[in-house]
Amino acid sequence: MTSKPTIPAVKGMREFYPEDLAVRNYIYQKVCQAATQFGYQEWESPYVEAIALYAAKSGEELVEKQSFVFSDRGGDKITLRPELTPSLARMVAKRQGELVFPLRWWQYGPMWRYEQPQKGRTREFFQWNVDMLGVNSPEADAELISVAATFLKLVGLSPQQATILVNNRRLMDAQFDFLGITPENRTFVSGLVDRRTKMKPEAWDVYALENGLNQQQLDGLEKILGDLDLWQKSDELVRLFKALEALGVREYVKFDPNIMRGLLYYTGTVFEAFDVSGSVRRAILGGGRYDNLLADVGGDPLSGVGFAMGDVVIGIILQEKGLIPAFTPSPAPILVTVFDESLWLDSFAVAAELRAAGLNVIVSPEPAKLPKQFKFADRMGIRVAVVLGPDEAASGQVTLKNLKNGTQQTVSRSQAPKEISEILASA
RNA sequence: GUGGCUGUAGCUCAAUGGCAGAGUGCUUGACUGUGGAUCAAGAUGUUGUGGGUUCGAGCCCCAUCAGCCACCCCA
């Protein structure tokens, strides 16, 4: 054996073996399908950006602690992109005058964040971003939630398995006002709400009282957070749920006053999707409405709504539930064997004929014992083995073996493509 | 950045401080023109890395790297 590699992969970076890439590509395919059903356009932005792009809009945590930052040869600070929204804002602002609104864009690509790798979290991940810009309405919010729900449905997650929880920032702010919580205290209270499911109730109470809430406010807050009918007090949420009903995805969505989302730039509807039954407690995806997206990059004010989904959490969930299609190692379903040295190049010629007929074909690179070649075919998930031995060569024929059921037939070389196609079509 | 657990054959894991092991996979054969099943034989290790304690370290101590889990944050 060779010695062990002395230089490991960089911490938290992903290595995609063929079976891993198959999973990634499967998710990509479903994401594309969901977005395309709703008429969203695929776009792409640079993987490397100036750090200054994020300084304006993204949180301090993301820029200072979670970005991979480098200097280019001119001394400018650049970074592997930790998120997509600032790039979106810039590209839209640059062509704001000529783009057609409402704009519906999606992207699926790599992102990097310098975090401690753990379950559902790596330093390199693929993220699906979907955004609609230029419309500010609960009905537009409903469309985005509907795209997300459509994806969940496409990958085989039922409403019982995965749920999208929805809340509204304006509704919560109004409730906070009613309790006499000051605007400067709102950020703390939002964080408090966010933390509620992670702390023991008593500890949470103490934490709240120690940070400026009085007992009356705490009681009121707990009442609000337990009120699953609270959405009826929000015109926006009433319209949202009616639209979701019409869009046919209402069963995937639930109101939950505990959903706040940490990002400061959300202003209205917010939502997160969770796996209800599995081992991952992290959100599958999250998003919401943000106003004034373009203000910081010099564009005209423009409201938008969007969400993001990482590939890591959804990948774990789909694997756990057996929802990833079986992996076939070989993309070519046909193996042409090489019987011996004298027939070596004849086998190559047979392979070329089959490829010319439009088939995908592996040919053994050198003579080997047939059992070994058949074993290889089996391991690679190949469905048809082609044998060209002395008998076949003498009569201008080849033997075709169906590896699924073990049957075989000997046919002329000219007929082989047609016969193989029939075998492949039969299963 | 903080805390906890782990690191032994390709993989999953054993081994009271005293000879480095099993299952699985791999190679070969039973079967020189046919894979999956069965049986038999065989090969495989700087015990993550570097120090230390000890007559003796896979095991104890320190450091370091990596992985997992939780916190922070978030997709």
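Chain naming here is simple, since letters A, B, ... match the order of the sequence lines and numbering starts at 1 in each.
For A/Q161, the side-chain contact (heavy atoms from CB on, under 4.5 Å) partners two or more places apart in sequence, or in a different chain, are A/L157, A/S158, A/K321.
Counting non-hydrogen atoms under 4.0 angstrom, A/D311 reaches nothing in the nucleic acid.
Only the P atoms considered, B/G48 is 15 Å distant from B/A15, to the nearest whole Å.
Judged as a ring-ring contact (aromatic ring centres under 6.0 Å, His included), the pairs with a partner in residues 141-175 of chain A (not counting sequence neighbours) are, in order, A/W128-A/F151. A salt bridge (charged side-chain N to carboxylate O under 4.0 Å, His left out) check over residues 124-136 of chain A, counting only residues at least two apart or in different chains, returns nothing.
Residue-to-nucleotide contacts include no donor-acceptor pair under 3.5 Å from the side chain of A/E272 to the base of B/A75. Between the base of B/G33 and the side chain of A/E392 there is a donor-acceptor pair shorter than 3.5 Å. Side chain A/R113 to base B/A75: a donor-acceptor pair is found below 3.5 Å.
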Between N or O atoms, less than 3.5 Å apart, protein on one side and nucleotides 35-40 of chain B on the other: list the pairs.
unit_1, atom_1, unit_2, atom_2, d
B/G35, O2', A/D378, OD2, 3.4
B/G35, N7, A/K401, NZ, 3.2
B/G35, N1, A/L403, O, 2.4
B/G35, N2, A/D378, OD1, 3.0
B/G35, N2, A/L403, O, 2.6
B/G35, N3, A/D378, OD1, 3.4
B/G36, O4', A/D378, OD2, 3.0

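A stacking contact links A/F125 to B/A75: the aromatic ring centre lies within less than 5.5 Å of the base's six-membered ring centre, and the planes differ by less than 30°.
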> With Watson-Crick and G-U wobble geometry limited to distances under 3.5 Å, how should the secondary structure of RNA chain B be encoded in dot-bracket form, using | for bases paired to another strand and [ ] for crossing pairs?
Replying inline: (((((((..((((....[..)))).(((((.......))))).....(((((..]....))))))))))))....
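The aromatic rings of A/F241 and A/W231 stand perpendicular to each other, their planes meeting at an angle above 60°, with 30° marking the opposite boundary.
Comment: A/R123 does not engage A/E115 in a salt bridge, judged by the lack of any side-chain N to carboxylate O separation of less than 4.0 angstrom.
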> Could you walk me through whether A/N167 and A/M172 pass the side chain to side chain contact (heavy atoms under 4.5 Å, CB included) check?
Replying inline: CA-CA 8 Å; A/N167 196 7; A/M172 297 307 283; 3.3 Å; yes
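No side-chain N or O of A/T150 forms a donor-acceptor pair with one of A/Q37 less than 3.5 Å apart.
Of the residues in residues 12-37 of chain A, those placing a heavy atom less than 4.0 Å from an atom of RNA chain B are A/G12, in numerical order.
In this structure, CZ of A/R121 is placed 8 Å from P of B/A75, rounded to the nearest angstrom.
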